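I have placed the structure first, in the form of structure tokens, so that the comments after it can refer back to it.
Read the numbers this way: they start at 1 and go in the same order the structure lists the ligands and their atoms. Just so you know, these numbers come straight off a predicted model, no measurement behind them. Here, residue 1 is the first one in the sequence, and each next residue gets the next number.
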Amino acid sequence: MTPMPDLPIIRIKNLVKRFDGKTVLDGITLDVYPGETMVVMGGSGCGKSTLLRHMIGTFQPDEGSIEMFGQDISRLDENGLNTVRKKFGILFQSGALFNSMTIAENVALPLLEHTDLAAEIIDIQVKIKLELVGLREHASKYPAQISGGMKKRAGLARALSLDPRILFYDEPSAGLDPVTSAEIDQLIVDLTKKLHVTSVVVTHEMDSAFTIADRMAMLDKGRMLRVDTRDAFDALRKTPRDQALAMPEEQQLIRQFLRGDHEGPITRRRAATNYAEDLLGGPIEDILQTPAIVSTRADGIM
Ligand SMILES: Nc1ncnc2c1ncn2[C@@H]1O[C@H](COP(=O)(O)OP(=O)(O)OP(=O)(O)O)[C@@H](O)[C@H]1O
Ligand SMILES: [Mg+2]
């Protein structure tokens with residue numbers, strides 16, 4: 001594991017985000033250190049992408065702060081944000097390539113938009129980035145002509161175009177077959193080593209997570225359950241069932257998620273919620289806010 005210097009490159013403190021009155025992130029605190037790969041994991045809808053979008057400045061927090069390179073990005077104006085954005089690259093879930101442009105043109109785009117480099121220099125830069133992701137021979141193809149795995153590589157080359165210090169990935173292996181997905185994981189590991197970038201990777205694929213992470217953060221329903229080293233999570237994953245049953249519910253829940261077990265606290269919680277909703281005909285949160293028994297008399301005596 002990378003040794004950790006004192007100052008985090010990303011520092012999130014007590015981040016709260018609500019959408020239409022619903023709390024989606026509930027007091028998230030997370031530090032990411034230079035050179036490490038931090039994997040943010042958690043079930044569908046737990047808030048992973050929302051957390052990532054706060055780090056890239058797309059969303060503003062309702063409470064709390066997000067510091068990057070020592071600056072609170074939630075207080076920056078669009079100009080300030082754009083300066084910070086040049087220091088990081090983003091690989092979106094879909095790859096988000098422009099279909100009307102070749103792979104090379106896609107990779108060149110950020111250089112054309114954000115630098116004054118001469119065309120020949122941009123050309124060389126694009127070739128270097130495409131070589132890094134193993135796509136140099138495919139430079140002149142269009143996105144429609146390449147596979148899903150190659151699209152991810154192209155998206156990654158574009159994310160690398162401005163030599164970022166931080167790389168953000170949202171579900172890098174989503175929609176890929178297991179072998180292609182493992183190849184992308186390996187590419188992420190290689191690039192991190194070669195370029196000394198800091199990476200934040202959102203994923204719910206546990207094989208990926210354990211391959212690429214230095215540290216891992218487990219989100220559940222907008223709360224941060226645990227931030228720890230990969231080895232600590234690996235130990236929890238491998239804890240035998242009889243020992244796990246003696247652990248606090250929260251640790252059992254993380255263990256179930258890491259192992260993908262079909263039985264455990266997540267399943268029990270889901271079953272209880274769905275059953276209650278089915279019986280009572282509405283979301284459990286709404287039902288819990290309504291008193292179960294309402295007095296029909298003014299004095300409240302029943
Ligand atoms: N712009 C938005 N407006 C309203 N609600 C939103 C918005 N973005 C996200 N949400 C809600 O926030 C919650 C968390 O969503 P988010 O996309 O962060 O989850 P996720 O962990 O990335 O899930 P997945 O694994 O399915 O990608 C969901 O309930 C979602 O509906
Ligand atoms: Mg998501």
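- Among the atoms of S44, some N or O lies under 3.5 angstrom from an N or O of ligand 1.
- Residue, atom and distance of the protein heavy atom nearest to atom 25 (O) of ligand 1 are K48 NZ, 2.7 Å.
- In this structure, the protein non-hydrogen atom closest to atom 17 (O) of ligand 1 is S49 CB, 3.8 Å.
- Counting only heavy atoms of the protein, atom 13 (C) of ligand 1 lies nearest to V24 CG1, 3.6 Å.
- The nearest protein heavy atom to atom 19 (O) of ligand 1 is closer than 4.0 Å.
- Within a 4.0 Å radius of atom 2 (C) of ligand 1, the protein contributes at least one heavy atom.
- F257 and F233 have their aromatic ring centers separated by at least 6.0 angstrom.
- Between F19 and ligand 1, not a single N/O pair is under 3.5 Å apart.
- At under 3.5 Å, not a single nitrogen or oxygen of F59, backbone or side chain, sits near a nitrogen or oxygen of ligand 1.
- Looking from atom 14 (C) of ligand 1 to the surrounding protein, the closest heavy atom is G45 O, 3.3 Å.
- Closest protein heavy atom to atom 31 (O) of ligand 1: K22 NZ, 5.0 Å.
- For atom 15 (O) of ligand 1, the nearest non-hydrogen atom of the protein is T50 OG1, 3.7 Å.
- Between R53 and ligand 1, not a single N/O pair is under 3.5 Å apart.
- Side chain to side chain, D170 and S49 meet the donor-acceptor criterion of an N or O pair below 3.5 Å.
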